[in-house]
Amino acid sequence: MTDSVSIAQNHNAEQDELSLFDILAVLFKHKKVVIGLPVACAVVAAGISLALPNQYQSSILIVPQAQGVNMAPALLSLAGSDQVRGSILDQFKLQQHYQSSDRRDALLALDSSVKSSLTKDQLLEIQVLDRDPQTAAALADGYASAIIQAAHDNRLSPSAAFQANLQARMTITEQQRKEAESKLEAISPAWPSRLSDQDRAIASALGQMQAELAAKDFFNSNDAKLTDQSSPIVKLQEQINLLRQDMAVKSRAGTTPELLTAYSDMVFYASLKQRLQQSLALSKAQQANEIRIVAKADVPLRKEKPKRALIAALAFLAGGMLAALYAFAREGLDKAGGWRHLMRGANGQE
């Protein structure tokens, strides 16, 4: 019994004193596995990576520059929206490109190929991976354009919301112009011959002045209604009304105040619509600076994936770790078997 305890203690002491030399000795003893398994793993991984198609990456930056409005988070949300993804899917016929059986699979393939993120400077970066470098660059450009268009459609930028209000006001103004023209015809079908050049000049000047003031009020408040009774525009409007009354009283014989008023109203609405149209064109020209693309996406010259050398190296390391675990596990089992053999001998069982 004492011999058995002594043998066990010596065995434990040998385990505690395992040195670097012992580790190397174990690895050398199982050198075939230690060398062969990492090499085999690297070769298999390299073969698999060679079978994978090359992936090319193209990227593009979108710069939101609207003053006082941080549109970057909203643009990031739009990048993953169904509106943008569906537009890209249809525009580039990606279901056919990805050889997907249905639309949902094509969208999933698109999601795995596109990465959108915000930089530290709050710029939206779009990165696109594709087997074809030309397609990768085209998709990046298309994605950026689709995001900008969606931002305008959803009125995320200040100018887009302003343009929507302008369009609505122009529609109302055109309807009011038609009503004023119809009223003028109803008062006197022969109104052109009943108005002198002086009457037309005075009425036109007053109508254009009123249109200018109404347009300024619309631009200041984004609403053509004059609600602030203390504003200079309202006071000028009151002066215009007085002048219109005076114009009607001082008009030549045979010209009714209603005819002059109707003509002035028609000029007013026509002039107002013209000013709104000019502002709309200017706003659209300025809109391009609110959400701007830094530069078109470049066609990548080098593949981004797969990184075959890295894959082979990682497989080699993983195989080496597995081989080392196998060597030490095998050595431990061998020693355990030898120790049990010694125990049986000491107990007289053999």
Query raised in the report: What closest approach, in Å, do Ala79 and Val84 show between heavy atoms, and which atom pair accounts for it?
Result: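 Shortest heavy-atom separation between Ala79 and Val84 comes out as O-CG1, 4.3 Å.
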Query - Distance-minimising heavy-atom pair for Ala151 and Leu75 - result: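 Looks like CB-CD2, 3.8 Å.
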Query raised in the report: With the 4.5 Å side-chain cut-off for hydrophobic clustering, are Ile60 and Tyr56 part of the same group?
Result: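 No, Ile60 and Tyr56 fall in different hydrophobic clusters.
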Query raised in the report: For Lys307, which residues count as a side chain to side chain contact (heavy atoms under 4.5 Å, CB included) partner, sequence neighbours excluded?
Result: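 Once residues adjacent in sequence are excluded, the partners of Lys307 under the side chain to side chain contact (heavy atoms under 4.5 Å, CB included) criterion are Glu304, Leu310.
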Query raised in the report: Taking only residues two or more places apart in sequence or in another chain, which ones pass side chain to side chain contact (heavy atoms under 4.5 Å, CB included) with Ala309?
Result: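 For Ala309 there are no side chain to side chain contact (heavy atoms under 4.5 Å, CB included) partners, ignoring immediate neighbours.
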Would you call [X]-[Y] a salt bridge at under 4.0 Å N-O?
X: Arg103; Y: Asp90; value: yes
X: Glu181; Y: Arg177; value: yes
X: Asp265; Y: Lys183; value: no

Requested in this report: Please go through Leu61's hydrophobic cluster and name the other residues, only I, L, V, M, F, W, Y counting, with side-chain heavy atoms under 4.5 Å joining them.
Outcome: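 Its cluster partners, ordered by chain and number, are Val63, Leu123, Val294.
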Report task. Return yes if some donor-acceptor pair links the side-chain N/O of Ser100 with the main-chain N/O of Gln96 below 3.5 Å, else return no. Result ->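 Here the side-chain-to-backbone pair does not exist.
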Report task. Spell out, as yes or no, whether a donor-acceptor pair under 3.5 Å connects the side chain of Ser81 to the backbone of Leu78. Result ->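 Yes.
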Query - Heavy atoms from other residues, nucleotides or ligands near CG of Asp102 exceed 12 (cutoff 6.0 Å) - result: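 Enclosed.
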Query raised in the report: Within a reach of under 6.0 Å around CG of Leu301, are more than 12 heavy atoms found that belong to other residues, nucleotides or ligands?
Result: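 No.
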Query raised in the report: Do Asn154 and Gln83 have side-chain heavy atoms sitting under 4.5 Å apart?
Result: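 In contact.
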Requested in this report: State, with a plain yes or no, whether a side-chain heavy atom of Arg85 is found less than 4.5 Å away from one of Tyr143.
Outcome: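 Yes; the side chains approach each other to less than 4.5 Å.
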Query - Side-chain donor-acceptor contact under 3.5 Å, Thr173 with Arg169 - result: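 Yes, because at least one side-chain N or O of Thr173 sits under 3.5 Å from a partner of the opposite role on Arg169.
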